[in-house]
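Beneath this line is the structure, given in structure tokens, with notes to follow.
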Amino acid sequence: MTAMWVFLAIFGEAIAPFDPLGTPEDVLNRLESPSADNWFGTDQLGRDVFSRVLAGARQALTVALAATALGTVVGTFLGLLVGYFGGLVDDIIGRILDAFLSIPLVITGMIALTALGPNTLGVIIVIGLVFAPLIAKTVRAAVLAERQLDYVSAAQLRRERPLHIMLVEILPNVINVIIVEFTVRLGYAIFVVLALSFLGFGVEPSVPDWGLSIADHYQFLTNDIWWPVLFPAAAIASLVVGINLLSDAIAQAFEQ
Amino acid sequence: MTRFVLRRIGLALITLFLLSVLVFIGTQLLPGDVGRRVLGPFATQEAVDDLNARLGTDRALIVQYGDWIGGAVQGDLGDSISFSRPVSELLGRALRNSAKLAVVAFVIVVPLGVFGGIMAALRRGKPTDRLITVGGLSATVIPEFVSGIVLIIVFAVWLDWFPGTATPPPDSSFITQLHHLILPAIPLVLVLFGYISRITRAGVIEALESDYVRTATLKGLPRPTVIRREVLRNALLPTIAVVASQVGYLIGGLVVVEVLFNYQGIGRLLFDAAQKADFPLLAGGVLVVGAAFQISMLLADVAYSLLNPRIRVGGKA
């Protein structure tokens, strides 16, 4: 399922039978129900829902991937630092982290994007920076366990520089933890990215985005116009469940 | 015990203080010129200056913070820009509405999640277990607005069993209110079910493998008695902590659900505040949300230590 969406994210625009951004003539065919031409019907501007669902895969996956990658890189580095040096730095960062985490991520995102205005880059940076401390927490725990081991003491006795020990000696040994963390966070990133775009804080209007499509059309539900909403919703559900099953499988594979 | 509680309260207060600084930075510093943000790019500079003077946003930041937090401690969070009402009054009403929705969700999900977790643990590795574990996890990752939309399409539009909005007519009876709240509660239930059942399952499995359960079994106690008396009592402890820690998630979820179902709760209010760049309302709302989260974590820790026979002193263990 995940593979299918990754494939569609790369080639979706080429397959799409119509321009997902729509053409001026589309306005004549607004909100038409699914037919042989428009498999998933058309939306309020007459754009083909099928084409927009295909194009939306790229939007959702790139934003979530970029945000998670940013969070993982920053978080891993922070986690290595805090786990390796420990002590006061650990305490201070831990407290600030607790305060930060008392606010739900959707609300943090809303505040930051109110200040920044809705844009894709803003979403990536906000989610990435919120994920960083969460990932740092996991990495820190793994580093703490590694630091007790002999190979670290040996490296310290060889007078290797701390940065070298962290990146060359410890990092390869905690990489499994980081990979699992990455896949778990990726699923959650999609969850938040789409929630924010549903609320109108995520992307610029007109971008083919699943969350935004649903937000734009759920008011029509009372007239039994369900297709511009139900198809993106199904796309989201299948993507997040697919990623979730994948991360579950990866985690189990590492445990054995 | 008292020392533990006092220490825990101290920690919560420090966290709240840090949170207030973060909220202040987020809502006062990030927007830059508050007056300009509220009035938009076409307002005259005099109007912007005037509004900044009226809001007090032209003063030094540290003075503004002192003023804001001093008022907050006394329950005064300033006035909302867009509603022209005291922030505390708006928040109070929204919190009451959200609490109703949250209670409905918890009343459904806690028994369901605990029961599902116990069933999964007792049938570990069998299809029932896989169904509950994988199904629960999958439901957890589907965003609330996706499940909410499907519920609206099926149960409100096609079947017409439930209303598509959560707001009941004014002064309606308890039953009518409940009828309006069930559909919006289900997306929250779906997300929470996975967490609660997973933690219950882990607790029950750990208890089942413990020495005291083996002792009880070898003593010849019938299995239902063992499960009721020995397993559940120990396994449900971690569940309490998880239920409380989900209050934080719940409020994030409320934003989405309340917007979708058009319900005047705290999530909807924060959403409106963010959309209208109503910074006093936003700051007050987020502070209250953070405080609610800290209080629920505090209560969970205290309840956990009270109920845990290994920490409890002087009771019958």
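In what follows, chains are A, B, ... by sequence order, proteins preceding strands, each numbered from 1.
- Of the two parts of A:Leu194, the backbone and the side chain both hold a non-hydrogen atom closer than 4.5 Å to a non-hydrogen atom of chain B.
- For B:Phe193, there are no ring pair (Phe, Tyr, Trp, His ring centres under 6.0 Å) partners two or more places apart in sequence or in a different chain.
- Of the listed residues (B:Val286, B:Leu16, B:Val21, B:Leu287), the greatest number of heavy-atom pairs within a distance under 4.5 Å of chain A belongs to B:Val286.
- Both the backbone and the side chain of B:Val256 come within contact range of chain A, with heavy atoms under 4.5 Å apart.
- Inter-residue side-chain proximity for B:Glu258 and B:Leu101 is flagged as met; some heavy-atom pair is nearer than 4.5 Å.
- Sorted by first and then second residue, the side-chain hydrogen bond (donor to acceptor under 3.5 Å, both in side chains) pairs involving residues 15-26 of chain B (not counting sequence neighbours) are A:Arg95-B:Thr15, B:Ser20-B:Tyr65.
- Contact annotation for B:Leu270: both backbone and side-chain heavy atoms come within less than 4.5 Å of a heavy atom of chain A.
- For the 3.5 Å distance criterion, the side chains of A:Glu181 and A:Thr72 fail to qualify, holding no donor opposite an acceptor.
- At a 4.5 Å heavy-atom cutoff, the contact between B:Leu18 and chain A is made by backbone and side-chain atoms alike.
- No donor-acceptor pair closer than 3.5 Å links the side chain of B:Tyr263 to the backbone N or O of B:Ser98.
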